[in-house]
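Reviewing the structure listed below.
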Number of protein chains: 2
Amino acid sequence: MTARVRDIRQAFGAERMTAQRETLARVAGAMGGAFTIDDLAAEVRKREITLGLATVYRGVAALERTGWLERVGERDGSALFARCRAGGHHHHLICTGCGRIEAADCPLEEIVGPAESATGFVVTGHEITLYGLCPDCASAQRD
Amino acid sequence: MTARVRDIRQAFGAERMTAQRETLARVAGAMGGAFTIDDLAAEVRKREITLGLATVYRGVAALERTGWLERVGERDGSALFARCRAGGHHHHLICTGCGRIEAADCPLEEIVGPAESATGFVVTGHEITLYGLCPDCASAQRD
DNA sequence: TTTACTGCAAACAATTTGCACTGCA
DNA sequence: TGCAGTGCAAATTGTTTGCAGTAAA
């Protein structure tokens, strides 16, 4: 689950690599689910490392730029990010209980076609995020 | 397109109706598409009416509570709202050219069902946004 | 040596809230 | 009349930015 060294090295693409950025990529890669900037900063702090909040924001933005991280939605007004390894076109299911994230297939054709003909738009991209409870959290809630 | 009197009366459900709220519901109902709080406030101002910004926020929240308005996404960090047909699921198309937004019906079940059975999640909410070019921008781009 | 990255604090923008006041029901 | 709704301004909150110092390349 933890990101490998090769991944970390490539996380920032052609941009400059620093100790802070390595920490950022490493911790983000080990988060295991969707996380906010605050979650990430807290996790970094747990490792006894201090990073300026602005550095975290800028680092995450850079990781998003290279595609290493993906913005997958929002929670309580904060942006949610995740390292998603699923290849190809897909969307995300985010567990509102534990932040766990799963990839979901995209029923693109069934949505886009009708939408285009109904509105005259030419659809070039889209974003679909589903929120819910993963099996564990769902069963925990039933107790 | 303009909301009828009956609609306005029911917009706030059992909550108290005031002159400000009537204005709010009337203007929101006449917006024709998605709008931000700011758009709405500006439109109200055009009618030579003054409403406190907090009143607009609280009024929109109330309209959302009753289902009369729906939060449909965000633009430049501001929440986007729209008056949508009650009950029906739908998604939105955002024009990357001019920012114009259109709503279209959406067969949500076709996304949620398969996603739930594939992952074991219980889906409780969703965010769907399509990006593309509206007819005007699409033809402008061809020139 | 160049200049991108960092940290801090101040700046920002959207939204919320406290409080006294007003006016529906 | 009572209490929900209003208006203002101050407070919050997530995020961005200016700037001087530090360190990759």
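No hydrogens, no waters, no symmetry mates; every other heavy atom, side chains included, goes into these values. Note that the structure is predicted; figures quoted are calculated from it, not measured. To find a chain, count down the sequence lines: A is the first, B the second, and so on, and within it residues start at 1.
A straight line from CG of B:Asp38 to C1' of C:dC12 spans 14 Å, rounded to a whole angstrom. Distance CD (A:Glu74) to P (C:dA14): 15 Å, rounded to an integer number of Å. The nearest whole Å value for the distance from the CD1 atom in B:Ile37 to the C1' atom in C:dA14 is 10 Å. Distance A:Leu51 CG to C:dC8 P: 10 Å, rounded to the nearest Å. One can place CD of B:Glu64 at 10 Å from P of C:dT16, the figure rounded to the nearest angstrom. The CG-P distance, from A:Asp76 to D:dT13, rounds to 12 Å in whole Å. Rounded to whole Å, the distance from CG on A:Leu53 to P on C:dC8 is 11 Å. With rounding to whole Å, B:Asp39 atom CG is found 11 Å from C:dA14 atom P.
Using a 4.0 Å heavy-atom criterion, one finds that B:Thr50 contacts the sugar-phosphate atoms exclusively. Residue B:Ala62 is out of contact with every strand shown, counting any heavy-atom pair closer than 4.0 Å. Among the atoms of the strands shown, none is found under 4.0 Å from any heavy atom of A:Ala19.
Judged by distance alone, with hydrogens and angles left aside, B:Arg16 brings a side-chain donor or acceptor within reach of the base of C:dC24, the pair sitting under 3.5 Å.
In the set D:dA25, C:dC8, C:dA25, the nucleotide with an atom closest to the side chain of A:Ala54 is C:dC8. When each of D:dG5, D:dC8, D:dA25 is scored by its nearest atom to the side-chain atoms of B:Thr18, the top-ranked nucleotide is D:dG5. Here the nucleotide nearest the side chain of A:Arg21, chosen from C:dT6, D:dG7, D:dT15, is C:dT6. Residue A:Arg58 places its side chain closer to C:dG7 than to any other of C:dA25, D:dG7, C:dG7.
The closest donor-acceptor contact from the side chain of B:Thr66 to the backbone of B:Ala11 lies under 3.5 Å. Between the side chain of A:Thr55 and the main chain of A:Leu51, no donor-acceptor pair closer than 3.5 Å is present.
Counting only heavy atoms from C-beta outward, the side chains of B:Ile37 and B:Phe81 approach each other to under 4.5 Å.
Each salt bridge (charged side-chain N to carboxylate O under 4.0 Å, His left out) pair with one or both residues in residues 46-59 of chain B, not counting sequence neighbours, appears once here: B:Glu43-B:Lys46, B:Glu43-B:Arg47.
Side-chain N/O atoms of A:Gln20 include one lying less than 4.0 angstrom from OP1 or OP2 on C:dG7. Contact annotation: B:Tyr57 reaches the phosphate of C:dT15 (side-chain N/O to OP1 or OP2, under 4.0 Å).
Where B:Glu15 and B:Ser78 each meet DNA chain C at their nearest nucleotide, the meeting point lying more 5' is that of B:Ser78.
To the nearest 0.5 Å, the span separating CG on B:Asp39 from CE on B:Met31 amounts to 5.0 Å.
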